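This report refers to the structure that appears directly beneath it.
Note that the structure is a prediction, hence the values are computed from the model and not measured. Ligands are counted one by one from 1 in listed order, and the atoms in each one are counted from 1 as well.
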Amino acid sequence: MKETPQQAVLRKLFDRIETLGTISSDTPGLTRVFLSKEMDIASRLIQSWMSNAGLIASVDRMQNVVGSWPAETAHPPAIHIGSHYDTVINAGKYDGPLGVLLSIAAVETLRLEGYEPKHPINVAAFCDEEGVRFRSTFLGSSFFCGTFDTRFLDNVDDAGNSMRSLLELRGFDTSSFNQGTPLIGKDDLFLEAHIEQGPILERLNLSLGVVSGIAAQTRIHVTITGESGHAGTTPLDLRRDALTTAAEMILAVEASFADNPNARATVGQIKNYPNATNAIPGEVEFMIDLRNPVTAGLNQMRDTLLNKLDEIAARRTTEFKAEILQTVDSITCDSNVQQALSKALAKHQERVTTFTSGAGHDALKIAQTCRTGMMFVRCRNGLSHHPDEYCSPKDIEVALAAWVDTLRELDQNFPTPEKANA
Ligand code: GLV
Ligand code: MN
Ligand code: MN
């Protein structure tokens, strides 16, 4: 039987998820970090898919890929939809790309219907949300909003490459970096579709959910300095072991959210020096990732934890330094966008649930510029940042239908900022 145009949109969506899922610097597994040759390939592919969907595709100086669908009339506020196309190390193929590819497919669907938007619709694929390579996150979406912190240009990766040098290698001009006109304005809307990365939808047996807000987060770089020495001779009382200090600290990080079921604290990266079997570790660096549904809670958690780590270092006669690399406040998603999403989701499933995201998303950063909203798609076992991350084709199909309905609804009944503040 001949494929219908709507079936072709879905098939292309599934194919594109698989294709992007193979563009990786490691095999097996999926790793695609900012300013890598895999990102260059992925960016070209996304541009070609956007063009295929009838969007005007372009790449900005940060390697964000943007596909524009101009409105019928000249200057109404725009609707931006999308997510990121970088990944963590050993990632799954849905975190980020699903939102980008679903958004391209939503435009394809609307164009098939002969729909003509009242508002410009832009599909954005952000270059770095995960912050793996340079330790600072939301690089793509902050550039998109004109709020990129240009000090990050001098951040270096583990191999000593600066972000600036890698951008310039690709021909991106890094002078007067933030002085262009950002594509996104304060009266616009940004909507992101993303896998849930948690177990709530699966437990409720629902394909989709509406996000009410996103937790605050901070990244802290810790350095512990002890003294390296001989493993075979140095007695316990003469040791200043940086790694055993770190071990105790990491357990304290874990314990810091034991009494708060909504907060999270993780050490996911560590470096040990000299890292030799027969040498006492003299220096350790690690990263702490803290999340809390509200900013005040995050700040309190951070201060209590840092005091505790100070106490551990002092007791173990090691030195301790903590550098807060980045903090992003919690946000509430726009109530009108939440309503439009709920209305659209209600057409496709029995019940609609609304909840806060513990994971960070580009919408968290973009909410500092304009009103935002998010739709979550169920993922198996709530698993993410893992190669077994999985969304079923059925859920993706429902997600596409709901995403199209949301977009149409917001384009037709664009909420005014006044209404949003009411
Ligand atoms: C992004 O996935 C984050 O929440 O760190
Ligand atoms: Mn992620
Ligand atoms: Mn993500």
Present, as a list of atom pairs with distances to 0.1 Å, all nitrogen or oxygen contacts under 3.5 Å between ligand 1 and the protein.
residue	atom	partner	partner atom	Å
ligand 1	2 (O)	E130	OE1	3.1
ligand 1	2 (O)	H385	NE2	3.1
ligand 1	4 (O)	R291	NH1	2.7
ligand 1	4 (O)	R291	NH2	3.3
ligand 1	4 (O)	G360	N	2.7
ligand 1	5 (O)	R291	NH2	2.7

Quick one: are the ring centres of F190 and F144 less than 6.0 Å apart?
no
In terms of the angle between their ring planes, are F177 and F143 parallel, tilted or perpendicular, with boundaries placed at 30° and 60°?
tilted
Find out whether V211 and Q338 are in side-chain contact, i.e. whether some heavy atom of one side chain is under 4.5 Å from a heavy atom of the other.
no
Please tell me if the side chains of R170 and D40 come closer than 4.5 Å, counting only heavy atoms from C-beta onward.
yes
Would D95 and H385 count as having a side-chain donor-acceptor pair, cut-off 3.5 Å?
yes
Nearest-0.5 Å distance that lies between atom CD1 in I396 and atom CH2 in W403
14.0 Å
To the nearest 0.5 Å, tell me how far D334 CG sits from M374 CE.
14.5 Å
Honestly, is R380 close enough over Y390, meaning NZ or CZ under 6.0 Å from the six-membered ring centre and within 45° of the axis?
yes
Backbone N/O of I224 and side chain of E319: donor-acceptor pair under 3.5 Å:
no
Atoms (protein N, O or S; no water) under 2.8 Å from the Mn ion (ligand 3)
3
